[in-house]
Amino acid sequence: ILARIGADPAAFPLVVVREPGWADVDRVQLAHEIRALIAGSGGRVLLAGATTPVAGLDGVHLTAAQLMAQDTRPAADWAGASVHRQEELEQAARLGLDYVMLGHVMPTPSHPGVPPLGWSRFAGLAGGRWPMPVYALGGMTAENLPHLAGLPLAGIVLYQAAWCVLALVFPLMQHYY
């Protein structure tokens, strides 16, 4: 993954290092390596699961449970969260987060047996009414792109396509149209 990012750092405007099975020290090390690769292109690196800023990184990405436990916005330059329900979207808006990843939209191996939102429910929840961008998360592939026109979303999150190490946020207008 580092070689892929290094070959075209501008293609990675926001990288969320999430690998939950890794030790914190390893995730932080990977995040710093990615930060060094994309720094010149203006990209940002956030650490998933962190609720406080990590020196040298651009911010944090909260789980839904972490989000709901917060009384105030994390003290980070950038803060986002994974969300799955209306209440979590409302909490993200209250806290003034910079973005949310809403899902899982399509079936995904990371949530076996859990029904996906589907595009209709995603559109109803995202609804274009939130102060922060809403990205579609879960089961996203390049094959989804033709179905996205007109949906209230800022982009899609592809992390399985990046070997389950990263959540990569691709703004649709910048990379696909």
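Starting from 1, each residue takes its place in the sequence as its number.
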Discussion item. Go through it in stages, so that I can follow the logic: the residues are Thr51 and Val60, the test is side chain to side chain contact (heavy atoms under 4.5 Å, CB included), and I'd like the CA-CA distance, side-chain angles, deciding distance and then a yes or no.
Written reply: CA-CA 6 Å; Thr51 57; Val60 299; over 6 Å; no
Worksheet item: Does the pair Val134 and Leu125 meet the rule for a side chain to side chain contact (heavy atoms under 4.5 Å, CB included), with working shown?
Response: CA-CA 10 Å; Val134 178; Leu125 286 168; over 6 Å; no
Discussion item. Please evaluate residues Trp22 and Leu30 with respect to the criterion side chain to side chain contact (heavy atoms under 4.5 Å, CB included), reporting the C-alpha separation (whole Å), side-chain torsions for both, the decisive distance (0.1 Å), and the verdict.
Written reply: CA-CA 10 Å; Trp22 288 20; Leu30 176 62; 3.6 Å; yes
Item to complete: Before giving the answer on side chain to side chain contact (heavy atoms under 4.5 Å, CB included), spell out for Val100 and Trp130 the whole-Å C-alpha distance, their side-chain angles and the decisive distance to 0.1 Å.
Response: CA-CA 10 Å; Val100 294; Trp130 303 105; over 6 Å; no
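Nearest heavy atom pair, residue Thr108 against residue Gly139, reads CB-N, 3.8 Å. Nearest heavy-atom pair, Ala92 versus Met132, reported as atom, atom and distance to 0.1 Å: CB-CE, 3.8 Å. When every heavy atom of Arg85 is checked against every heavy atom of Met68, the shortest pair comes out as NH2-CE, 4.5 Å. Closest approach of Ala75 and Pro53 over heavy atoms only: O-CG, 2.6 Å. Between Leu14 and Leu46, the shortest heavy-atom contact is CD1-CD1, 3.3 Å.
Side-chain atoms of His84 come within 3.5 Å of backbone atoms of Gly103 as a donor-acceptor pair (strictly under, hydrogens ignored). A donor-acceptor pair under 3.5 Å links the side-chain atoms of Gln66 to the main chain of Gly49, judged by distance alone. Side-chain N or O atoms of His104 include one that pairs as donor or acceptor with a backbone N or O of Val114 at under 3.5 Å. Judged by distance alone, with hydrogens and angles left aside, the side-chain atoms of Asp98 form a donor-acceptor pair with the main-chain N or O of Ala79 at under 3.5 Å. Side-chain atoms of Arg73 come within 3.5 Å of backbone atoms of Gly96 as a donor-acceptor pair (strictly under, hydrogens ignored). Distance alone, capped at 3.5 Å, is enough to place a donor-acceptor pair between the Gln91 side chain and the Gln70 backbone. The backbone N or O of Gly59 lies less than 3.5 Å from no partner atom in the side chain of Asp77, so there is not a single donor-acceptor pair. Judged by distance alone, the side chain of Arg27 and the main-chain N or O of Ala48 form a donor-acceptor pair under 3.5 Å.
Distance check: Ile5 CD1 to Ile34 CD1 gives 4.0 Å after rounding to the nearest 0.5 Å. From Leu102, atom CG reaches atom CD of Gln86 across 10.0 Å, with rounding to the nearest 0.5 Å. Interatomic distance, CZ of Arg94 versus CG of Leu67, reported as 8.5 Å (0.5 Å rounding). Going from atom CZ of Arg129 over to atom CG of Leu89 covers 7.5 Å, rounded to the nearest 0.5 Å.
Looking only at side-chain heavy atoms (C-beta outward), Asp8 and Ser41 stay at 4.5 Å or farther from each other.
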Let me check something: any side-chain donor-acceptor pairs from residues 115-123 under 3.5 Å, sequence neighbours excluded? List them with distances.
none

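Taking the six-membered ring for Trp and thresholds of 30 and 60 degrees, Tyr99 and Tyr135 have ring planes more than 60 degrees apart, a perpendicular arrangement.
For residues 26-46, there are no ring-ring contact (aromatic ring centres under 6.0 Å, His included) pairs, not counting sequence neighbours.
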